[in-house]
S.K.: 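The structure follows.
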Amino acid sequence: MSCREGLSWRFTHAITRTPADSVAKGLRAVDTGDPSGAAFRAEHAAYVQALETAGLSVDVLPPLEAYPDSCFVEDPAFCLPDGAILLRPGAESRKGEPGEIRAALESRFDRVVEIPGNGHVDGGDVLMLDDEILIGLSARTDREGADAFAGLLGAWGYTARVAETPEGVLHFKTACSTLGEGVILATKVMIDSGFFGGRKTIAVPDGEDYAANVIRVNDVVLVPEGYPKTLAAIEAGGFRTVIVPTHEARKVDGGLSCLSLRFSKS
């Protein structure tokens, strides 16, 4: 597709879901303690407020106790100006989540479809840029799912490319984000991988890899609290920043992008 300027960062709407108390049972690669439902909800409220302040109309869906990771709405769906695509999360405990978010998507989009086949895709493995969409293979996104998703995106007129996520990275977007205007924030491992070709990159400083997951929302970049070197690097690149707490989300491998589906209607 030709470059659609602002596709990856200029938004009017977002869908989020309030964390349930069951988030204490959420998936994680390393156990650093259980998140508190109450503390997570307080941080989530601050997150929603930051999105609203950035100019978005935010739908806040009710908590789903049956699905501990369901506040991470980015994984079961993907939104574009022309419609929404229901994905197929790779973790067994999350397989029911696309069905749970379908009604919210149908209330916002005329076109809501499912990825074909039986492969798996987590939205956390999908990096939307203005001129292409990168799909990272991971423990949660397999080749069958990625190829089916790429084919569907192609049918919608978008250029999609499947990439091999470096070993040790949970989701592709765990280690990179678009800052918009052709700039990508990424860990050094991701930059060295060559995925981004000649694009301009800003490297996440040593020891702050978690902060690679930021979100550009209209005129600001939301950055997780507690990563001053990354914050400074983003600001040095000419971007305005807003700090948002994600201490509870991090305990279950969640970041800023995971907590919302952001889109503009065509």
Side-chain angles (χ1 to χ4, degrees), residues 1-15 50-51 54-57 73-75 77-85 87 108-109 111 115 121-137 141 146 149-163 165 171-187 190-191 193-204 211-223 230 233-242 255-266:
M1 77 182 181
S2 59
C3 184
R4 306 187 191 188
E5 186 177 351
L7 177 71
S8 65
W9 57 272
R10 192 172 286 142
F11 305 119
T12 57
H13 293 77
I15 296 172
L51 293 177
L56 303 195
S57 171
V73 292
E74 179 179 65
D75 290 319
F78 184 73
C79 297
L80 289 162
D82 14 23
I85 299 169
L87 304 178
R108 287 292 186 182
F109 293 97
R111 177 159 62 163
I115 60 167
V121 178
D122 268 22
D125 284 314
V126 185
L127 179 68
M128 183 161 61
L129 304 173
D130 288 354
D131 60 342
E132 72 172 340
I133 297 169
L134 294 176
I135 307 165
L137 301 176
T141 296
F149 185 40
L152 181 55
L153 291 170
W156 283 22
Y158 293 87
T159 299
R161 176 161 56 98
V162 179
T165 306
H171 279 137
F172 195 77
K173 279 203 305 247
T174 302
C176 63
S177 310
T178 179
L179 295 176
E181 299 166 72
V183 184
I184 292 173
L185 175 74
T187 62
M190 290 292 272
I191 292 171
S193 71
F195 296 138
F196 308 128
R199 298 177 191 274
K200 183 177 179 181
T201 57
I202 293 176
V204 175
N213 184 262
V214 303
I215 47 174
R216 169 80 185 268
V217 183
N218 296 331
D219 295 331
V220 299
V221 178
L222 306 190
V223 182
T230 303
I234 294 169
E235 291 176 344
F239 298 95
R240 289 179 53 212
T241 59
V242 172
L256 285 168
S257 75
C258 316
L259 290 163
S260 62
L261 289 165
R262 302 164 302 283
F263 55 94
S264 285
K265 297 293 291 294
S266 60

S.K.: Quick check: does any side chain N or O of T178 sit under 3.5 Å from a backbone N or O of G180, one acting as donor and the other as acceptor?
M.R.: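 It does hold such a pair.
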S.K.: Side chain to side chain contact (heavy atoms under 4.5 Å, CB included) between Y158 and L7: does it pass, once the steps are laid out?
M.R.: CA-CA 11 Å; Y158 293 87; L7 177 71; 3.9 Å; yes
S.K.: Once salt bridge (charged side-chain N to carboxylate O under 4.0 Å, His left out) is applied, do any residues pair with R161, and if so which ones, sequence neighbours excluded?
M.R.: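 Residues passing salt bridge (charged side-chain N to carboxylate O under 4.0 Å, His left out) with R161: E132.
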S.K.: Once salt bridge (charged side-chain N to carboxylate O under 4.0 Å, His left out) is applied, do any residues pair with R10, and if so which ones, sequence neighbours excluded?
M.R.: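 For R10 there are no salt bridge (charged side-chain N to carboxylate O under 4.0 Å, His left out) partners, ignoring immediate neighbours.
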S.K.: Residues in salt bridge (charged side-chain N to carboxylate O under 4.0 Å, His left out) with D75, at least two apart?
M.R.: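 Once residues adjacent in sequence are excluded, the partners of D75 under the salt bridge (charged side-chain N to carboxylate O under 4.0 Å, His left out) criterion are R94.
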S.K.: Out of curiosity, I15 CD1 to L56 CG, how far, rounded to the nearest 0.5 Å?
M.R.: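 Nearest 0.5 Å value for the CD1-CG distance: 11.5 Å.
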S.K.: In Å and rounded to the nearest 0.5 Å, what is the OG1 to CD1 distance from T159 to I133?
M.R.: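 Rounded to the nearest 0.5 Å, the OG1-CD1 separation comes to 8.5 Å.
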S.K.: If you round to the nearest 0.5 Å, how far is CG of L222 from CZ of R240?
M.R.: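 Interatomic distance, R240 CZ to L222 CG, rounded to 0.5 Å: 11.0 Å.
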S.K.: Find out whether M128 and W9 are in side-chain contact, i.e. whether some heavy atom of one side chain is under 4.5 Å from a heavy atom of the other.
M.R.: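 SC-SC contact between M128 and W9 ruled out.
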S.K.: Rounded to the nearest 0.5 Å, how far apart are CG of L185 and CZ of F239?
M.R.: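 The CG atom of L185 sits 9.5 Å away from the CZ atom of F239.
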S.K.: How many angstroms lie between CZ in R199 and CG in L129, if you round to the nearest 0.5 Å?
M.R.: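 R199 atom CZ to L129 atom CG measures 4.5 Å (nearest 0.5 Å).
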S.K.: List for me each residue that meets ring pair (Phe, Tyr, Trp, His ring centres under 6.0 Å) alongside F195, sequence neighbours excluded, and say none if there are none.
M.R.: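 Applying ring pair (Phe, Tyr, Trp, His ring centres under 6.0 Å) to F195 gives F172.
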S.K.: Not counting sequence neighbours, which residues clear side chain to side chain contact (heavy atoms under 4.5 Å, CB included) with S57? List them please.
M.R.: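 Side chain to side chain contact (heavy atoms under 4.5 Å, CB included) check on S57 returns H13, R108.
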S.K.: Would you indicate whether the side-chain heavy atoms of F78 and I115 approach each other to under 4.5 Å?
M.R.: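 Answer no - side chains too far apart.
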S.K.: Check residues 213-220 and write down every donor-acceptor pair under 3.5 Å in which the side-chain atom is one partner and the other belongs to a residue at least two apart or another chain.
M.R.:
| from | atom 1 | to | atom 2 | distance (Å) |
| --- | --- | --- | --- | --- |
| N213 | OD1 | L256 | N | 2.8 |
| N213 | OD1 | S257 | N | 2.9 |
| N213 | ND2 | K173 | O | 3.0 |
| N213 | ND2 | S257 | OG | 2.8 |
| R216 | NE | N218 | O | 2.5 |
| R216 | NH1 | L179 | O | 2.8 |
| R216 | NH1 | E181 | OE2 | 2.8 |
| R216 | NH2 | E181 | OE2 | 3.1 |
| R216 | NH2 | N218 | O | 3.1 |
| N218 | OD1 | F11 | N | 2.8 |
| N218 | ND2 | F11 | O | 3.1 |
| N218 | ND2 | A54 | O | 2.9 |

S.K.: Sub-3.5 Å donor-acceptor pair from the side chain of D130 to the main-chain atoms of S8, do we have one?
M.R.: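 Pair found, side chain donor or acceptor close to backbone of S8.
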